[in-house]
Structure formats: structure tokens, C-alpha cells
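Worksheet for the structure shown next.
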Amino acid sequence: MTATKFTPPPNFIRNIIAEDVEAKKNNGRVHTRFPPEPNGYLHIGHAKSICLNFSLAAEFGGLCNVRFDDTNPTKEDVEYVESIKSDVRWIGFDWGDRLFYTSDYFDQLYEYAVQLIKDGKAYVCSLSADQIREYRGTLTKPGKDSPYRPRSVEENLDLFERMRAGEFEDGAHVLRAKIDMTSPNLNMRDPTIYRIRKVDHHRTGSKWCIYPMYDFSHCLSDSIEGITHSICTLEFEDNRPLYDWILDQLNVDCHPQQIEFARLNLSYTVLSKRKLVQLVEQGDVSGWDDPRMPTISGMRRRGYTPESIRNFCERIGVAKRDSIVDMALLEYCVREDLNKRAPRVMGVLRPLRVVIDNYPEDQVEELDAINNPEDPSMGTRKVPFSQVLYIEREDFREDPPKKFFRLAPGREVRLRYAYYITCVGVVKDEQTGEVAELHCTYDPETRGGWSKDGRKVRGTLHWVSAAHSLEAEVRLYDRLFEIANPDGEKDGADFKTYLNPNSLQVVTSCAIEPSLSHAEPGSVYQFERLGYFCVDSVDSSDKTLMFNRTVTLRDSWAKIEKKEQKQK
RNA sequence: UGGGGUGUCGUCAAGUGGUAAGACACAGGAUUUUGGUUCCUGCAUUCGGAGGUUCGAAUCCUCCCACCCCAGCCA
């Protein structure tokens with residue numbers, strides 16, 4: 001393999017861990033975790049976190065757990081658990097035997113809560129949700145103590161036990177940490193740590209009707225698992241004092257260090273679960289795995305490879321400032337990977353019939369084509385050539401603009417791996433005036449696509465023998481949103497206003513070379529001169545081949561044409 | 001107007017007192033049977049702003065400005 005070695009840039013988290021290891025903190029041990037809530041599908045932003053946690057652990061000879069943060073049964077579901085597991089595996093990471101659930105710790109967590117109550121550091125509050133909000137104060141005004149704050153340890157213990165036993169309805173009581181209602185950090189104003197939810201949990205069934213809140217369960221779960229560095233996103237920065245407070249009060253042996261980094265934003269898409277759910281539920285896309293979605297399953301179906309995603313995550317870096325990474329970098333990463341591994345193939349998206357007037361009507365030749373010029377070990381294949389061919393409609397111009405060096409009346413071009421042909425006639429549809437067919441002559445001396453006399457041709461076109469071609473449907477994808485930052489719009493505008501109405505274009509009756517007749521679902525090809533395409537793993541069948549365009553090739557002609565048009 | 005963060009090229013991002021890495025994008029050029037790939041070349045006299053300390057500041061100090069997050073019994 002000629003894999004280009006890319007040295008990841010240093011980042012502040014790696015630096016912190018390196019120093020900790022150097023200082024023999026945690027006896028030099030490094031243990032991270034990826035803690036998704038099973039309430040949605042993983043997206044490229046999660047991939048950043050997954051890659052960060054797993055590779056940091058790997059780099060320092062440590063381990064990384066996967067832990068489902070399943071403390072809110074009203075929002076979570078096994079469907080998500082399964083998809084998350086397969087996505088993490090697909091991206092390329094192995095959690096070994098360390099797949100955990102916060103719900104594994106419910107008993108222990110309950111005991112910790114009881115301990116807090118016994119120590120007078122937590123109390124049962126019987127205020128309503130609205131009242132709790134009122135008592136909390138505001139950003140600029142301190143809160144005030146709940147009237148239930150002074151309840152005795154005995155009463156709290158009794159009430160909490162009865163909460164667990166199901167004696168009260170949802171919302172009747174909550175368990176709160178007793179910290180400081182005047183703290184400028186709202187998280188410290190006696191945060192709720194347990195609430196009543198009389199619903200079944202996807203793993204614990206009906207065993208519990210009280211469930212711990214994130215702030216209480218997360219730090220303790222980390223501690224229970226012996227996590228050394230608990231990496232999370234920026235919005236949890238204000239929760240860190242609470243994370244530390246709980247671990248300090250309970251005097252646990254393992255007190256992980258929480259470190260926050262900026263979540264990923266990608267241009268021309270959205271990465272908030274709420275918005276992605278909305279797109280799925282309102283039918284703007286076909287599902288979580290719609291190839292336009294920035295979800296792992298969508299990208300997989302689109303033809304992205306795990307390597308390209310991992311590479312992307314490495315290149316974007318890790319820092320604390322809000323940023324929007326250019327989609328062009330992601331596209332660069334897939335092209336880089338696919339260029340090395342995708343077999344080349346010829347496919348015509350919008351066929352234009354070409355008749356080679358001087359080619360024997362019944363003759364068929366099998367011409368040699370290289371499967372991947374980047375990798376000779378991938379060998380060659382035979383491609384049939386005959387009198388009637390298809391070429392790409394946009395490769396012919398009756399009135400060619402400057403710098404257009406493809407086919408035009410009287411002009412000679414090369415058919416890749418075949419012959420030089422010269423356009424000698426144009427047949428038009430009488431009704432529409434549209435070019436219906438081209439007549440060309442070929443030079444038998446140019447077999448294979450080159451000429452002994454050294455004559456140069458400017459253009460090389462891809463083509464397919466009409467009689468041998470396979471029909472296929474191709475989906476061309478474009479950015480999901482028309483503006484770079486649909487997420488950044490202030491509440492006034494609905495992000496969906498910016499959806500790109502042309503993000504999906506279905507092209508039927510495409511003509512592709514016969515070697516693709518048994519293409520496997522999910523396999524990726526480069527259609528020469530067009531882009532990378534993969535066989536759709538959901539809709540493609542033996543009857544109808546369906547391809548998704550992963551990404552176009554870089555297209556300098558398109559750039560030139562755009563520029564020329566601007567100058568007019 | 002409380003608290004917590006962040007400001008280095010169009011976009012990411014190194015840099016931690018010694019004189020602005022790298023990547024993507026962009027612009028030129030070379031090679032090319034993919035207008036692909038590959039290969040060269042160019043691309044921040046300047047680090048949100050203003051002062052100050054210092055022989056020397058993106059790095060230290062002061063003030064200011066901008067942006068992000070927090071008032072779920074969500075995570």
C-alpha cells in the first residue's frame with residue numbers, strides 16, 4: 001500500500017494526556033469512553049468523538065469503552081442501540097468486551113444517592129417543575145432555597161425509598177443535590193439528580209420507576225469504569241464543577257478528568273440530532289440512511305469508506321473554538337481513498353447515440369482496459385466495442401466554446417482504450433431540434449487509443465457499446481442545504497428554508513459497461529471522468545442496477561466553463 | 001446587565017517569550033489515453049482591537065470589542 005502517512009497535529013487533549021502519562025498520573029494508565037445516548041443515529045460529528053476517544057486510548061496503550069447513556073427511557077430505543085453499535089464497528093473501532101450501559105449501574109447509582117442523602121447532601125424536593133424553575137432564579141438573579149431543603153435525613157430516606165417503590169406519580173417529587181442556590185453557575189443550584197418516570201426501560205424493563213439524571217450518572221459511571229479522561233463537548237463545560245462535586249462528595253477512588261472540545265460543524269449540512277430527526281420525520285429525506293444525510297449510515301450508503309472518515313476526523317483537528325469545517329475537506333478525503341481502491345469503469349449517464357459509419361456492422365471487438373492506473377495489481381478487463389455506441393451527451397457540442405476540446409462537428413477525439421473518431425454528421429430530432437444521433441468515422445490505425453503517426457487529439461471520451469450496455473439508474477447527490485451554515489440561523493428563520501431542492505437528481509436509462517452486471521451492493525467504482533459511484537445497498541437489484549454518486553471527480557473543465565461564462 | 005468559554009490565511013489548525021508549521025480551498029505551470037491522479041510554484045511583514053512590559057510578544061500585563069454556551073424533572 002502506498003498509504004500516505006499523515007502525522008496528526010498535536011492537540012490540547014493529547015497534550016494533557018501526554019503530560020499525565022509522563023507524570024504517572026493514574027499510574028500512567030489511559031482509559032477513555034464513547035458515551036452515546038441511544039436516541040438517534042450516529043453522524044459525522046459523533047465520528048469525530050469516536051475517533052478521538054479510541055485513537056487517544058490506542059496511542060497511549062490504553063482502552064476505550066462504549067457506554068450507552070440510557071438514563072431517559074422516554075427517548076431511547078433498542079433500534080438506536082443496534083445502529084450505534086454497528087456504526088462504531090463499521091468506522092473501524094473495537095470495544096472488546098467493554099460494551100456498557102449506564103443502566104448496568106442503576107443499583108449502584110441508587111446506593112450512591114442514598115449515601116448522599118445520609119450525608120445530608122441530597123434531599124427530596126416536592127416542588128412542581130414550574131416551581132423549581134421559579135426558585136432557581138435567573139442568569140442574573142440568584143435562586144432561593146426550596147422549602148423542602150431542610151427535610152430530615154430520615155424523611156428523605158423514606159421518601160426516596162417510596163419514590164423507588166412507585167408510591168408517587170411522575171413529577172410528584174425529585175431528588176436534588178444540596179449545593180448552593182445562589183451559585184452563579186446554574187448547574188450548582190441544587191440540581192435534580194433523580195426523577196420519577198413510570199415507564200419501562202428498554203433494558204431494565206419495569207424494575208425502575210426512578211431514573212438518574214445525566215449529571216449524577218455520568219461522572220459516577222465514568223468512575224465505576226475507571227475512566228481516566230472523560231472527553232465531552234463544550235456545552236458541558238459548565239457541568240464540570242457538578243461532575244467534580246458529586247465525585248468529591250462520594251469520595252470515590254477514581255475521579256476522572258473531564259475535558260471539553262468543540263463539536264464538529266460541517267458546511268452545507270446540519271449536525272444537530274433534533275434537526276436530523278426533523279428531516280427524517282417530516283420526509284425531507286428518505287430516512288436516517290438517506291445518502292444525503294451526514295449520518296454514518298447515510299454516508300456508508302453514499303459510498304464513503306471508514307478510512308476516509310477516519311482520515312477526515314484526524315485532519316480536522318481538535319480544539320475549543322467554534323468552527324465550521326468545509327465540506328470540501330470531507331470530499332477530498334473520500335476521493336483520496338477511492339482513487340487508490342476504486343476500479344475504473346465506463347458508464348454514460350445521459351447517452352447520446354453514435355454510429356461509426358465505417359465500422360463493420362456485425363463486428364465486435366474486445367478491447368483491453370486498465371482497472372486502476374493507480375494500482376497495476378488490479379489488472380485489466382475486456383470492454384466490447386461495436387458500430388453503435390453511446391457517449392455522454394455533454395461531451396458533444398455543435399458549436400463548441402473556446403477551450404472545449406471534446407467532440408464537435410469535424411473534430412477528432414479519442415474513445416478511451418478504443419479508437420480515434422471524427423464527427424462527420426449530426427442527426428437532429430425534427431420536432432425538438434435536439435441532437436438525436438451522431439455519425440462518426442473511426443481510424444482503424446488507432447486501435448487501443450493511440451496513433452503511430454504521433455497525431456495528437458485533445459479529448460478523450462468515455463463510451464459504452466450500445467448493444468452490450470447495461471441499463472442503470474443513477475442518483476446524483478448535491479449538498480443538502482443551499483447555504484454554508486443553515487445551523488447558524490437565528491431562531492427567526494427555519495433551517496429548512498435553506499434545503500436544496502435539487503439535492504437529489506435521479507437519472508434513469510444510464511448505459512454502463514457489461515462488466516458491472518454482477519456488481520455487489522455497496523461496491524464502489526469510479527465511472528471514468530465522472531466520479532465515484534456505489535451500488536445502492538437498499539434499492540439495487542439484479543433487475544435494476546442502481547448507483548449512488550458518492551462524489552464527483554475534480555472537474556477543471558467545469559471550472560473553466562464557469563469562469564468563461566462569468567466573463568460574458 | 002451573572003457565570004463559563006473562544007478569537008492566528010477563504011476554511012480547519014500548529015505555535016506556550018526568540019522573530020507565523022501543515023492541510024483543504026484558491027491561482028499559475030509540468031506530466032497525463034480520465035480536463036482524474038501525480039509533481040512543482042504562489043498564497044498571513046502578521047496573530048480580534050488599543051495600550052503596556054521586554055533587546056525581542058501571537059505568546060506576559062491592562063483595558064476594550066466580537067462571538068458561543070448555561071435558567072430540562074434532556075444529554
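Because the structure is a prediction, the values reported are computed rather than measured. Side chains included, hydrogens not; waters and symmetry mates left out as well; all remaining heavy atoms used. Throughout, a chain's letter reflects where its sequence line sits, starting with A, and its residues are numbered from 1.
Residue Arg195(A) places at least one side-chain N or O closer than 4.0 Å to OP1 or OP2 of A75(B). Between G28(B) and Lys563(A), a contact under 4.0 Å exists linking OP1 or OP2 to a side-chain N or O. Phosphate contact (OP1/OP2 of C74(B), side-chain N/O of Arg274(A), threshold under 4.0 Å): absent. Contact check, Ser323(A) against U11(B): no side-chain N or O comes under 4.0 Å of OP1 or OP2. For the pair Lys320(A) and G7(B), the criterion of a side-chain N or O lying under 4.0 Å from OP1 or OP2 is not met. Residue Ser556(A) has a polar side-chain atom (N or O) positioned under 4.0 Å from OP1 or OP2 of G36(B). OP1 or OP2 of A75(B) has not a single side-chain nitrogen or oxygen of Arg263(A) nearer than 4.0 Å. Residue Asn372(A) places none of its side-chain N or O atoms closer than 4.0 Å to OP1 or OP2 of U34(B).
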Please write out each protein N/O paired with an N/O of nucleotides 38-40 of chain B under 3.5 Å, distance rounded to 0.1 Å.
none

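Of the candidate nucleotides C12(B), A71(B), G10(B), G10(B) has the atom nearest to the side chain of Asp326(A). Checked against A14(B), A75(B), A71(B), the side chain of Pro10(A) finds its nearest nucleotide in A14(B). The side chain of Arg315(A) lies closest to A23(B), out of A75(B), G3(B), A23(B). In this structure, of A27(B), G36(B), C73(B), it is A27(B) that holds the atom nearest to the side chain of Lys559(A). Listed nucleotides: C73(B), A71(B), A14(B). Nearest to the side chain of Met213(A): C73(B). Ranking U16(B), G35(B), G5(B) by closeness to the Asn15(A) side chain, first place goes to U16(B).
Arg133(A) contributes no side-chain N or O that forms a donor-acceptor pair with the base of G72(B) under 3.5 Å. Below the 3.5 angstrom threshold, one finds a donor paired with an acceptor across the side chain of Arg321(A) and the base of U8(B). The base of G3(B) sits with one of its N or O atoms less than 3.5 Å from a complementary donor or acceptor on the side chain of Asp238(A).
When heavy atoms are screened at a 4.0 angstrom cut-off, Val318(A) is found touching the sugar-phosphate backbone but no base atom. Across all strands, Arg416(A) comes closer than 4.0 Å to base atoms (heavy-atom distances). Contact annotation for Pro373(A): base contact, defined as any heavy-atom pair under 4.0 Å involving a base atom. Residue contacts shown for Arg344(A) include a base, since a base heavy atom lies under 4.0 Å away. In this structure, Tyr419(A) reaches neither bases nor backbone, as no heavy-atom distance under 4.0 Å exists between it and the strands shown. Contact annotation for Leu127(A): base contact, defined as any heavy-atom pair under 4.0 Å involving a base atom. Using a 4.0 Å heavy-atom criterion, one finds that Glu331(A) contacts no nucleic acid atom at all. Across all strands shown, Arg335(A) has no heavy atoms under 4.0 Å from either base or sugar-phosphate atoms. Among the atoms of the strands shown, base atoms are found under 4.0 Å from some heavy atom of Phe405(A). Asn187(A) comes within contact range of no nucleotide atom at all, as no heavy-atom separation falls under 4.0 Å. Backbone-only engagement by Ile324(A) is indicated by non-hydrogen atom pairs under 4.0 Å involving sugar-phosphate atoms exclusively. Within 4.0 Å (heavy atoms only), Ala129(A) reaches at least one base atom of the nucleic acid. If you check every strand for non-hydrogen atoms under 4.0 Å, Tyr211(A) touches nothing. As judged by a 4.0 angstrom heavy-atom cut-off over every strand, Leu530(A) is placed among residues making no nucleic acid contact.
An aromatic stack links Trp557(A) and the base of G35(B), using centre distance under 5.5 Å and interplanar angle under 30°.
Of the residues Tyr80(A), Tyr105(A), Tyr101(A), the one that meets the ring pair (Phe, Tyr, Trp, His ring centres under 6.0 Å) test with Phe68(A) is Tyr101(A).
Rounded to the nearest Å, the gap between the C1' atom of G4(B) and that of A20(B) is 30 Å. Between G51(B) and C40(B), the distance separating the two P atoms is 43 Å to the nearest Å. Taking atom C1' in both U16(B) and A50(B), the straight-line distance is 24 Å, to the nearest Å. Taking the P atom of each, G49(B) and G7(B) are spaced 13 Å apart, rounded to whole Å. A gap of 11 Å separates the P atoms of A14(B) and U8(B), to the nearest Å. Comparing U46(B) with A58(B), their C1' atoms are spaced 9 Å from each other, to the whole Å.
Between Lys403(A) and Lys141(A), the residue anchored nearer the 5' end of RNA chain B, judged by the nucleotide with its closest heavy atom, is Lys141(A). Place Thr192(A) and Tyr532(A) on RNA chain B by their nearest nucleotides, and Tyr532(A) ends up nearer the 5' end.
Judged by Watson-Crick or G-U wobble contacts below 3.5 Å, the nucleotide A27(B) has U41(B) as its partner. For U34(B), there is no paired nucleotide, since no Watson-Crick or G-U wobble pair has both relevant distances below 3.5 Å. Across the strands present, C63(B) finds its partner in G49(B); the criterion is a Watson-Crick or G-U wobble pair with both atom distances under 3.5 angstrom. As the counterpart of C73(B), no nucleotide is assigned, since no Watson-Crick or G-U wobble pattern has both distances under 3.5 Å.
For the residue pair Glu260(A) and Gln258(A), a side-chain donor N or O sits within less than 3.5 Å of a side-chain acceptor on the partner. Side chains of Asn185(A) and Ser183(A): a donor-acceptor N/O pair is absent below 3.5 angstrom, by distance only.
Here Tyr135(A) and Tyr148(A) keep their ring centres 6.0 angstrom or further from each other. Taking the ring centroids of Tyr194(A) and Tyr211(A), they lie at or beyond the 6.0 Å cut-off. Between Phe533(A) and Phe547(A), the distance separating the two ring centers is not shorter than 6.0 angstrom. The aromatic ring centres of Tyr41(A) and His46(A) sit 6.0 Å or more apart.
Phe495(A) carries Lys275(A) over the face of its six-membered ring, with the cationic atom under 6.0 Å from the centre and within 45° of the normal. For the pair Arg164(A) and Tyr110(A), the cation sits on the ring face: its NZ or CZ lies under 6.0 Å from the ring centre, inside 45° of the axis.
Applying the side-chain hydrogen bond (donor to acceptor under 3.5 Å, both in side chains) test to every pair with at least one member in residues 550-562 of chain A, sequence neighbours left out, gives these pairs: Arg397(A)-Glu561(A).
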Which pairs would a plain distance check flag for residues 323-332 of chain A, meaning a side-chain donor or acceptor within less than 3.5 Å of a matching protein atom at least two apart in sequence or in another chain?
from      : atom 1 : to        : atom 2 : distance (Å)
Asp326(A) : OD1    : Ala328(A) : N      : 3.0

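Near-neighbour residues of RNA chain B inside residues 164-173 of chain A, defined by a heavy atom below 4.0 Å, number-ordered: Gly171(A).
Summarising the geometry, atom CZ belonging to Arg414(A) is positioned 12.5 Å from atom CG belonging to Asp443(A); distances are rounded to the nearest 0.5 Å.
Under the rule for a side chain to side chain contact (heavy atoms under 4.5 Å, CB included), the partners of Lys452(A) that lie at least two apart in sequence or sit in another chain are Glu445(A), Trp450(A). In this structure Tyr123(A) satisfies the side chain to side chain donor-acceptor pair (under 3.5 Å) test together with Asp190(A), sequence neighbours excluded.
G72(B) adopts a syn glycosidic conformation, its chi angle falling within 90° of 0.
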